[in-house]
Every structure is written in C-alpha cells, then in structure tokens.
Amino acid sequence: MTFTSPTDARVQQHIAAHRERPGALLPLLHALQDDFGFIPESALAPIAGALSQTVAEVAGVVSFYHHFRRTPPGDAVLQLCRAEACQAAGARALEAHVKQRLGVDYHQTSADGAVTLEPVYCLGNCACGPSVRIGDRVYGRVSPERADQLLDDLQTQVVEVRG
Amino acid sequence: MMSGKAMTRIYVPSETTALSLGADEIASDISAVLASLEQPPELVRNGSRGLFWLEPMIEVETGAGRIAYGPVTPEDLPGLLEAGLLEGAQDHPLCLGPTEEIPYLAQQQRLTFSRIGVADPLSLSAYEAGGGFAGLRRAVALSPQAIVQQVTESGLRGRGGAAFPTGIKWQTVLDAGAGQKYIVCNADEGDSGTFADRLVMECDPYLLIEGMVIAGLAVGATEGYIYLRSEYPLALHRLNAAIERAVEAGYLGADVCGSGRAFALEVRLGAGAYICGEETALLDSLEGKRGMVRVKPPLPAIEGFLGRPTVVNNVLSLAAVPYILERGPEAYAACGQGRSRGTLTAQLAGNVERGGLVELAFGVTLRQLIEDFGGGTLSGRPLKAVQVGGPLGAYLPESLWDTPLDYEAFAEVGAMLGHGGVVLFDDSVDMGEQARFAMEFCAVESCGKCTPCRIGSTRGVEVIDRIRAGESPEANLELLEDLCTTMIDGSLCAMGGMTPFPVQSVTRHFADDLAPGAARRD
Ligand SMILES: Cc1cc2nc3c(=O)[nH]c(=O)nc-3n(C[C@H](O)[C@H](O)[C@H](O)COP(=O)(O)O)c2cc1C
Ligand code: SF4
Ligand code: FES
C-alpha cells in the first residue's frame with residue numbers, strides 16, 4: 001500500500017472537497033485516512049475551523065471510531081477477525097500465531113515496518129473463517145500456515161522496496 | 001454425458017467469500033484458457049449463490065441448464081478442463097450437477113434472494129430480465145398510502161433485529177407531514193455470523209436500490225443514505241457502481257421512472273463501531289458525530305436524520321419490499337407462521353460443515369437448520385453450542401435446538417433470532433472464554449453513555465477472570481449475576497441490556513466451563 005505524506009495543502013484539498021456535504025466529518029476523515037494512512041494531528045485544527053467545531057470535538061470523533069488511526073501504520077495493515085464465528089473456526093490460535101510471528105500486539109507495527117496488526121469484529125466472511133483482511137482483500141480459512149505465506153509476501157515486499 | 005448445444009457462458013463468482021477462497025485466481029486461469037479458443041464462451045463474473053462451502057463454485061451454461069462445480073482450486077482446473085468442464089461434462093468428482101438441483105439450494109424458499117448469484121450483479125438488463133424493477137413500476141402507479149398499505153398487509157417485520165413492523169414505521173413517517181424526509185438503510189451488519197446484507201449489496205445491488213426508492217415514494221422522501229460498514233469494501237464499490245447506472249437508466253434521480261418524483265441515493269461509510277448499527281447512534285454517525293445512542297422518544301420516524309422524519313430500515317427489510325409490491329402482500333404473507341410472516345434469512349457460520357445462506361419460511365426448527373442444511377460441525381467433532389442472533393444472542397445447548405425459528409418462539413426461551421446469524425461451536429470450545437468475550441466486546445464497543453454498560457462490562461471481564469482463576473468462585477458468580485441484572489435494568493440500549501444474555505446462557509447451560517480450572521483443562 002502506498003500512502004501520501006500529509007501536507008497542509010493536501011489536507012485543505014480534502015476539506016474543500018467535503019465541507020459542504022451534510023455530515024461532512026466522517027467522509028472527510030475517511031478521505032484523509034485513505035490518502036495518508038492515518039489522521040494527522042495537524043489536520044484537526046483546519047478541519048475544526050472549516051466545520052465550525054472545536055478541535056476537541058473533532059478529536060473526540062476521531063478517537064470514537066476504531067477505524068481511524070492517529071499514527072502512521074506500517075506498509076500494510078493486517079486486520080484479523082476476532083469475532084465469534086471466526087473464534088469457532090480457530091481464530092484464537094491464529095491470533096496467537098500472528099502476534100508471535102510479528103512480535104507485536106494489536107495496534108502495533110512489526111519491527112521491520114512491514115505490517116500493522118489490527119483487530120476487526122467481523123468481515124462478513126463468517127462461513128469460511130478464520131478471516132483476515134489486507135488492504136481491500138479478504139482471505140478465508142486462514143490457517144497459521146496460510147498466514148505465514150501471506151506475511152512472507154508482505155515482509156519480503158518491504159525488503160525489495162527498501163533494499 | 002454431452003449436452004446437445006454448445007456451452008455459451010462460464011460463471012466464476014466475484015463476491016467476498018468466493019474471492020477470499022481464490023475465485024480471482026481461477027477466473028484468470030480460465031480466461032487464459034479461453035483466450036486460446038476459437039469461439040470462446042463468455043466468462044461472466046456473477047455473484048455467489050450463498051453456498052459458501054462450495055466456493056469457489058464455477059457454473060457452466062449448457063443446453064440443459066447450468067451445471068455447477070465446486071469447491072474449485074486452481075490446482076483442480078487442469079483436471080476439470082480435461083474432463084470436459086467447458087462442455088458441462090458431469091463425471092468429474094467436483095461436479096455438483098445442475099445448480100438448481102443442489103439440495104441445499106433446491107430446499108430453500110428464495111423470495112428476497114431469488115436472483116442472488118445468478119448474473120453479473122451490475123447488469124441492469126439481467127436484473128430487469130429477472131423481474132427487477134417490476135415492484136417499483138407498480139409502486140409508481142400507486143398512492144403513497146397504498147404502498148404503505150401493501151407493506152403493512154404483508155406482515156413484514158424489520159430484519160435488523162428488533163422485528164418492528166415495517167408498515168407501521170412507514171406510516172408514521174408518511175403521516176409526519178410535508179417537508180424533507182429521509183430513507184436510511186442500515187447496512188452496518190455488525191453481528192458476527194451474518195453476511196446476508198453483504199450478499200444483497202454485492203450480488204444484487206439493484207434490489208436494495210429498488211426497495212429504497214419504493215420506500216421514498218411511499219413516505220414522500222427524496223433522499224436516501226446507505227450507511228455501510230467500512231469492513232465491506234467490495235459492497236461499497238458495487239453499490240456506488242450500481243447507483244451510477246441506476247441514475248443513468250432513470251431509476252434514480254430527478255424523475256424516477258417518469259413519475260415526476262425524485263429520489264437521490266448516497267452511500268456513507270461507517271468507521272468500525274458496532275454501536276453504530278443501533279439506529280439512533282447510526283443517525284448521529286451519519287451526521288458526522290460520535291455514534292452515541294439517543295434517548296427515544298423522539299423516534300427516528302419523527303425526528304431522525306438532521307432532525308427530520310426518517311425511515312431507518314435494515315438492508316433485508318428494504319430488499320423484501322420489491323417482491324411484496326410485485327407479487328402482492330398476500331404472496332409474502334403466505335409464507336411463515338404466527339406473527340412471523342415471509343421468509344427468514346438464516347446464515348450458517350462458524351464451525352460448520354456447510355456454511356452459507358439459507359432463506360426459508362419461518363417455522364423450521366434450529367435443529368433442522370443446523371443438521372439438514374449445516375451438516376453439523378466442520379471439524380467433525382460433536383456440536384456443543386449454537387449462538388443465534390449475533391454477539392448479544394444466547395448460546396443454546398442441545399436441549400433448545402428444537403425451538404422453531406420464529407421471533408416469538410425464540411423470545412420464549414430467552415433467545416433471539418436477531419439478524420439470523422447462526423454460529424456453530426464444537427466441543428473444543430471453552431464456554432467460559434465465550435462468556436468473557438461477550439463482556440470484553442461490550443467494553444470495547446459501548447458508546448459510553450450509561451455506566452452499567454461502560455463500567456459493568458469491564459467489571460464483568462474481571463469477575464469472570466477471577467471465577468476462572470478459582471478466586472472465591474461462589475461469591476464472584478453471585479457478583480456476576482448482580483452485574484448482569486444491573487446491566488439489563490440500567491442500560492439505554494440492547495448493547496448493555498443484552499450482553500448479559502450470552503453470559504447468563506453460559507452460567508446456566510454450560511456452568512462446568514466456568515468452574516475454576518476449566519480454562520486449563522485438556
Ligand atoms: C447494539 C445494536 C446493534 C445493532 N446493529 C444493527 C445492524 O448492524 N444492522 C441493523 O439493521 N440493525 C441493527 N440494530 C437494530 C437497529 O437499531 C434498528 O432496529 C434497525 O435498523 C431497524 O430496521 P428494521 O426495522 O428494518 O430492522 C442494532 C441494534 C443495537 C441495539
Ligand atoms: S447500553 Fe451501552 S451502548 Fe447502549 S446507550 Fe448505554 S452505554 Fe451506549
Ligand atoms: S466472524 Fe469473522 S468474518 Fe464474521
């Protein structure tokens with residue numbers, strides 16, 4: 001995944017594109033996170049100004065929603081489904097395996113910067129769990145071995161890009 | 001056996017579960033093969049039939065109808081081709097025979113899902129050919145009151161969980177006078193074990209659009225929003241593409257089907273908050289705020305989005321409407337039993353041999369569903385518990401599996417059908433862990449407005465941990481029971497008010513698993 005570095009000008013572009021819509025804040029935050037990978041602190045004041053809200057109000061909305069990140073993620077975000085149907089199909093073992101392999105807990109990024117691990121509560125793939133999502137792709141029946149393959153791909157990509 | 005006519009089309013689903021199991025890889029392998037043929041059949045990316053254990057399921061159109069194969073892996077393809085896949089040959093072990101005759105599908109009563117997986121989801125001509133927009137055309141010729149009347153007479157009750165009569169809700173909004181009104185589709189589908197809304201949106205998006213336009217005509221609303229969970233990227237893409245085409249074709253926009261009436265539709269994304277499935281929290285979220293549950297009254301039907309009268313309906317409620325308008329309310333009400341009319345869309349998930357979507361008239365028992373359709377556990381181990389109705393639903397032991405699937409019968413045994421999710425657990429499950437998770441989930445997802453929900457759930461996790469660690473288990477079990485009562489009595493919405501149900505179902509039916517040391521058995 002490639003994200004853009006946040007700049008004031010770019011933040012302003014997004015604000016201009018969304019500010020007139022009813023209930024503009026969520027679509028605007030989505031646009032920022034899709035572009036930058038997270039919601040930069042520096043964007044809060046200009047958003048608040050444009051939408052006639054306080055910075056605290058905007059920050060309160062950002063922190064309310066699990067989807068929005070306040071810090072930059074790794075090169076890829078792996079969301080692992082923790083919900084009941086996936087638990088029934090082995091998600092707890094998968095979760096332990098992935099955490100151990102990456103050396104991280106949820107909301108953390110592996111030391112090589114390749115993968116940020118996040119929990120998710122259902123991807124709608126509940127008949128074929130355990131499920132994970134990487135970018136906009138969902139993977140089903142993910143065994144620990146299959147997770148290793150997926151992680152190998154993500155982690156070698158980093159070496160290629162950076163090497 | 002060779003069929004007379006040459007095959008004209010080959011179908012490979014493009015739907016989240018099929019894709020999660022490699023459907024794209026299969027499609028690209030097949031198109032490479034087709035490229036080398038002189039008169040290649042057309043490769044169609046259809047939706048899924050919802051027979052998920054057979055995905056990726058390829059279908060081949062022959063003179064004798066569509067023949068299915070599945071589950072297909074890229075490794076199976078060469079063998080399948082050699083065995084005559086492109087001619088619809090039926091002697092390969094992965095051949096399932098004619099699609100419509102697969103028992104899992106043939107034994108269902110698909111009203112809402114009649115078109116699911118049949119064609120390219122974005123093909124307007126296929127939707128129309130399958131009877132699509134016939135309900136809307138009828139609605140255009142009716143008065144708003146007559147449309148509402150038909151929905152009321154059908155007996156349709158909301159499919160989002162609360163089972164409130166849809167016609168009564170629409171009547172309230174219709175009666176709310178003139179001025180701006182809204183139709184909001186609740187596509188937050190947060191319950192684990194559910195995917196029926198997603199299937200509609202990914203595989204038959206015009207059905208939802210049609211239902212929403214009819215709702216708009218019925219109550220006098222000119223704008224609609226689909227509040228879609230951010231966990232469904234493919235549905236977002238499909239809905240946006242479908243809306244664009246529906247506008248071009250005149251089904252949406254300033255002049256719906258030449259009626260002179262307008263209806264505009266927009267998709268808005270949620271942001272990973274379970275509570276935003278609750279209708280008032282959803283409306284706050286749609287307004288760009290934190291998703292906090294509002295005190296009712298006022299009902300959204302009176303003061304909803306931006307303070308205006310608003311219909312909030314689940315995807316499946318809205319998707320049931322075109323059938324009712326097309327075939328008449330009696331046809332819909334003819335299915336079902338008691339006060340549960342029409343069809344129930346059950347979704348079989350978790351540790352299940354044959355997971356997928358099962359649309360049936362209300363009234364079959366849970367056991368018929370999990371055994372006849374589900375085929376028991378995928379692991380082959382004994383089935384131990386079934387959670388019905390999502391994370392706020394009770395875990396049911398075998399003694400309750402003969403309960404008929406209808407709203408009232410489930411309420412009688414302290415359970416709920418909710419959105420129809422049915423999650424199977426085999427005997428390796430640690431039910432103490434499941435009780436703990438119910439509390440943990442509530443702590444993570446609470447909107448924070450009421451203390452019993454916000455603080456009680458965190459305390460609940462701690463108390464369950466202490467019970468499991470063997471710290472004064474009896475006193476702590478009593479404390480847990482008190483906590484549950486406080487949450488049930490002191491919560492504004494079902495998040496805090498029903499989280500105790502799965503917990504209490506564990507203390508009542510699976511008490512052994514909560515005993516000290518149970519966690520370390522095995
Ligand atoms: C915690 C909570 C979560 C809910 N989640 C959903 C959901 O994801 N989808 C849904 O349609 N209804 C959900 N509901 C029910 C809605 O509040 C509301 O009843 C429904 O949208 C009304 O539409 P219907 O009458 O068509 O079912 C939820 C309710 C609660 C209390
Ligand atoms: S019960 Fe929980 S989720 Fe519902 S309103 Fe109260 S705090 Fe919010
Ligand atoms: S529970 Fe994991 S995808 Fe639904």
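Just so we're on the same page: letters track the sequence lines, and every chain starts at 1. What you see is a predicted model, and the numbers here were worked out from it, not measured in a lab.
At a threshold of 4.5 Å between non-hydrogen side-chain atoms, the residues B:S285 and A:F64 do not count as touching. Residues A:P22 and B:Y225 have side chains in contact (heavy-atom distance under 4.5 Å, counting atoms from C-beta outward). The shortest distance between side-chain heavy atoms of B:Y274 and A:Y121 does not fall below 4.5 Å. Inter-residue side-chain proximity for B:E231 and A:V120 is flagged as met; some heavy-atom pair is nearer than 4.5 Å.
Atom NE2 of A:H66 is surrounded by more than 12 heavy atoms from other residues, nucleotides or ligands within 6.0 Å.
What you find for B:G193 and A:C126 is that their closest heavy atoms are N-SG, 3.3 Å. Taking all atoms of both residues into account, the shortest heavy-atom contact from B:A271 to A:Y65 is O-CB, 3.4 Å.
B:D191 touches chain A through its backbone: at least one of N, CA, C or O sits under 4.5 Å from a heavy atom, while the side chain does not. B:Q347 does not touch chain A: none of its heavy atoms, backbone or side chain, sits under 4.5 Å away. When heavy atoms are compared at a cutoff of 4.5 Å, B:L424 approaches chain A solely by way of its backbone atoms N, CA, C and O. Residue B:E202 does not touch chain A at all, counting heavy-atom pairs closer than 4.5 Å. Both the backbone and the side chain of B:S230 have a heavy atom closer than 4.5 Å to some heavy atom of chain A. For B:Q387, the part lying under 4.5 angstrom from a heavy atom of chain A is the side chain only. Only the backbone of B:L286 has a heavy atom closer than 4.5 Å to any heavy atom of chain A. Contact of B:F52 with chain A is made through backbone and side chain together, with heavy-atom distances under 4.5 Å. Only the side chain of B:I275 has a heavy atom closer than 4.5 Å to any heavy atom of chain A. Looking at B:R229, only its side chain comes within 4.5 Å of chain A, counting heavy atoms on both sides.
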Let me have the donor-acceptor pairs involving side chains of residues 48-60 of chain A, under 3.5 Å, with sequence neighbours excluded, atom names and distances please.
residue : atom : partner : partner atom : Å
A:T54   : OG1  : A:E57   : N            : 3.0
A:E57   : OE1  : A:T54   : N            : 2.9

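In this structure, B:S446 has no side-chain hydrogen bond (donor to acceptor under 3.5 Å, both in side chains) partners at least two apart in sequence or on a different chain.
Contacts with chain A were tallied for B:G356, B:A273, B:G355, B:P391; B:P391 has the most, counting heavy-atom pairs under 4.5 Å.
Within residues 83-106 of chain A, the residues that have a heavy atom under 4.5 Å from a heavy atom of chain B are A:A83, A:E84, A:A85, A:Q87, A:A88, A:A89, A:R92, listed by number. Among residues 137-146 of chain A, the residues having any heavy atom closer than 4.5 Å to a heavy atom of chain B are, in sequence order, A:R137, A:V138, A:Y139, A:G140, A:R141.
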